[in-house]
Number of protein chains: 4
Amino acid sequence: MSTTSSAGAREPKRRRGHLRVAAIMKAGAEIFTEKGYDAATMTEIAARSGTATGSLYRFFPSKESLADALLLEFAQQALDGLAELGERAGDMTLDSLAGALVDFRLALQSQSSFAVALVESRGAGEDKRAKFRQALLEGMARILRKVLPGLTQAKCDAMAAVLLHILKGAVMAAGEKPAAGSILLAEIREVVRLYLAAARSTERGNLPS
Amino acid sequence: MSTTSSAGAREPKRRRGHLRVAAIMKAGAEIFTEKGYDAATMTEIAARSGTATGSLYRFFPSKESLADALLLEFAQQALDGLAELGERAGDMTLDSLAGALVDFRLALQSQSSFAVALVESRGAGEDKRAKFRQALLEGMARILRKVLPGLTQAKCDAMAAVLLHILKGAVMAAGEKPAAGSILLAEIREVVRLYLAAARSTERGNLPS
Amino acid sequence: MSTTSSAGAREPKRRRGHLRVAAIMKAGAEIFTEKGYDAATMTEIAARSGTATGSLYRFFPSKESLADALLLEFAQQALDGLAELGERAGDMTLDSLAGALVDFRLALQSQSSFAVALVESRGAGEDKRAKFRQALLEGMARILRKVLPGLTQAKCDAMAAVLLHILKGAVMAAGEKPAAGSILLAEIREVVRLYLAAARSTERGNLPS
Amino acid sequence: MSTTSSAGAREPKRRRGHLRVAAIMKAGAEIFTEKGYDAATMTEIAARSGTATGSLYRFFPSKESLADALLLEFAQQALDGLAELGERAGDMTLDSLAGALVDFRLALQSQSSFAVALVESRGAGEDKRAKFRQALLEGMARILRKVLPGLTQAKCDAMAAVLLHILKGAVMAAGEKPAAGSILLAEIREVVRLYLAAARSTERGNLPS
DNA sequence: GATGAATGAGGGTTCATTCAT
DNA sequence: TATGAATGAACCCTCATTCAT
């Protein structure tokens, strides 16, 4: 009881804490996206999120830690999205997989366009990004193994890396004027499809079962 | 002879100036690449190039001007390389063109690994980059029109953008351990080849002659 | 009561802010006076006022803004003093007006010795100074019109400018050793008196009523 | 003979040196006038005078020394002009002396408008200016003693200082639009005349002979 | 715990002065 | 001796971070 009540007493605080953190991360995401890591200022992030600088530093003890948190969130979404796609992948044609991959990447971007800037730009934190990248690669490789089971491990890893890169191009497409953009998107989808299809025929040779 | 000697009288200065500029651009390239535009400091660039800050500012009157110079050099190389490739493209199979494109991109990167960071990075100078990118796209589109004359203008432009993006992946490959790297490179070459080949069959439809 | 206490809650901060600003303006006044605008450094002003550079910039976001504030304060005092003198001027003999003008100028200087350096000094902000000077001239002309109503507008304006300049000489007097200084002051007062008296006889001619 | 010839051998150099110095001082005067002491740069002065920085520093080993030389030149002119006026003063009415004094001050300004800025503005070199000012005061006092021989020494010195200050006002007049300017000048001349005339009647009392 | 004023190291840039040529 | 490129201390200003309230 006392436990419960004390927990209850704390709950609002925690909830408030969560709201604060969410507000800060939202503001951070926006401002990092707008200006890049270096040009973003903690003061502005604090202001936009309606937080005092001191409070901001209670939740994120440094600018880098805020960027890290944002990155982590991005990684979470990316990995979750990839895993979820992996579960559906078995039932898909390569064609629709290609589309799904592009959509996945676009969704990622629109949800967390900020993080990309961070992932690309920061000098420090190389290792964190490497780890995240590794996880992404594994997620992608898992999908490939599911839809193209005949591939060697090495081929699978290489394809994962290449696909990840190609998909990044979808973002570029989204930045263009709608007309040109949708053509670009179609092209990217087509490349992905071609790549997967080619891999399938390669696979045939390996897996004559 | 007297000409030579009199020319020599100022040569050392000029030569030293060129050396200085080269050293500064090298250091700038490195540090911009390592840290990005904002986080790079003129002081560090000066130090790494063995120059006093004041001297650095004699050659490049602002941080931005140094970045611009680096970008220009990169653009020059990129555009020249692309143009040169364009001249050879007519005589190539799509296969060898794919290889040549990848090689071109790699050469670009190794010569000017720096500029990428700048081209990607945030801030002012958006327009300069846009212009450069436009030039690059045109160069690529020109090649495509040469080897795939049946393509529509729009398809050509879209392919140019997508190819440019895919080729950027070659850089990633170069950053890997040799073993994995050469596999990755091979994959990218393969994707490019597939993409070109697919475009050629599309083209057949358009150009039934 | 509660009002008082709640007001008091922020009072210390505000009071400290005011003290800070006052200390900064004092230091700025001193150092601008000692070295002139360009040679004065924000670092030294910060140091002399016991403030960190960053804090200084919180209150005055640029060197120019500090100079402006100083100028404004000076202008305020000058204009107020002149206006106040103008109200008393009607009841004064020209003799006591001469003394009052000199005293006014001296008071101005001792309160704000700083601003003179700024008003005189070079650079941007020419217009602000021109505006201020214009206001001063008008204030002085108003006094003259009151005590010498027969003067033409043009004569009045000219006299105002000349008087303002002569009075500036009082400052010079204040900078001398007391003995020589009081003689100088007496001379200046005398010149002013002479000038006013001469204007009055001129005026007689214009206003034979 | 050998002396003569060796002197002759050196003469061209000396002459060239003098030309250089003159060019530098001219450029220095202009640029100090245009921008003030601090904002003027040795590089620009060198460039405008067609001199290499190194050479400039051979003649004037520091920025301050150049300013000093300019000041000295100004002092020379001022003192010479005053002395010359002193010689004519005996034969003049107070009226024409007033005019002559104003003209003298204006001439000084137009010949060396630069130096005023230097005399007023610089923090260092207080002593040099004091010495110059002292010489000026003596020159003025000498004139006064000549035209108003009955004055006490103290009165004379005080008047000299006040007159010098009033005359400075003539510069202000010269800066105005012609119309207003000539009115102002007339006023200043009038004040000077009044001041001198009043002193003469004072003097009468002292010197009833 | 929350607040936001205060801090001061560090960034880009300038310029008086020096010194290799 | 003349030159002008090189030097580096110092300037104005910013902002991540701390701490008194």
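Below, read A as the first sequence line, B as the second, and so on, with proteins coming before strands; counting in each chain starts at 1.
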As a check on the pairing definition, encode DNA chain F in dot-bracket form, counting Watson-Crick and G-U wobble pairs whose two distances are under 3.5 Å, and using | for partners outside this strand. .||||||||||||||||||||
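For the pair D:Lys63 (side chain) and D:Ala40 (backbone), a donor-acceptor distance under 3.5 Å is present.
Along DNA chain F, the nucleotide nearest to B:Arg58 and the one nearest to C:Tyr57 differ in position, and the one closer to the 5' end is contacted by B:Arg58.
Protein atom NZ of A:Lys63 is 17 Å distant from nucleotide atom C1' of F:dT18, rounded to whole Å. The distance from atom CG of A:Leu19 to atom P of E:dG1 is 18 Å, rounded to the nearest whole Å. Rounded to whole Å, the distance from CG on A:Asp38 to C1' on E:dG10 is 14 Å. C:Ile24 places its CD1 atom 12 Å from the C1' atom of E:dA5, with the value rounded to the nearest Å. The distance from atom CZ of B:Phe60 to atom P of E:dG12 is 15 Å, rounded to the nearest whole Å. Between the P atom of E:dG11 and the OH atom of B:Tyr37 lies a distance of 14 Å, rounded to the nearest Å. In this entry the distance linking CG of D:Leu66 with P of E:dC15 reads 16 Å, nearest Å. Between D:Phe59 atom CZ and F:dT1 atom P the separation is 11 Å, expressed in whole Å.
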Do B:Lys26 and B:Arg48 pass the side-chain contact (heavy atoms from CB on, under 4.5 Å) test, and can you show the C-alpha distance, the side-chain angles, and the key distance before you say yes or no? CA-CA 9 Å; B:Lys26 182 166 177 293; B:Arg48 174 132 11 146; over 6 Å; no
Test log, rule salt bridge (Lys or Arg N to Asp or Glu O under 4.0 Å), inputs C:Lys128 and C:Glu64: CA-CA 12 Å; C:Lys128 293 168 205 154; C:Glu64 193 183 1; 2.9 Å; yes
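Between the OH atom in B:Tyr57 and the OG atom in B:Ser62 there is a gap of 7.0 Å [rounded to 0.5 Å]. Rounding to the nearest 0.5 Å places OG of B:Ser65 at 12.0 Å from CG of B:Leu72. Atom CZ of B:Phe60 and atom CE of B:Met42 lie 8.5 Å apart (nearest 0.5 Å). Between atom NZ of residue D:Lys35 and atom OG1 of residue D:Thr41 there is a gap of 6.5 Å, rounded to the nearest 0.5 Å.
Between B:Phe32 and B:Tyr37, the angle of the ring planes stays under 30°, which puts this pair in the parallel group of the 30/60° scheme.
Of the residues in residues 41-55 of chain D, those with a non-hydrogen atom less than 4.0 angstrom from any atom of DNA chain F are D:Ala52, D:Thr53, D:Gly54, D:Ser55.
Among the atoms of the strands shown, only primed sugar atoms or phosphate atoms (P, OP1, OP2) are found under 4.0 Å from some heavy atom of A:Ala40.
D:Arg20 has a side-chain polar atom (N or O) that falls below the 4.0 Å cut-off from OP1 or OP2 of F:dT3.
Applying the side chain to side chain donor-acceptor pair (under 3.5 Å) rule to A:Thr51 yields the partners A:Ser49; only residues at least two apart in sequence or on another chain are considered.
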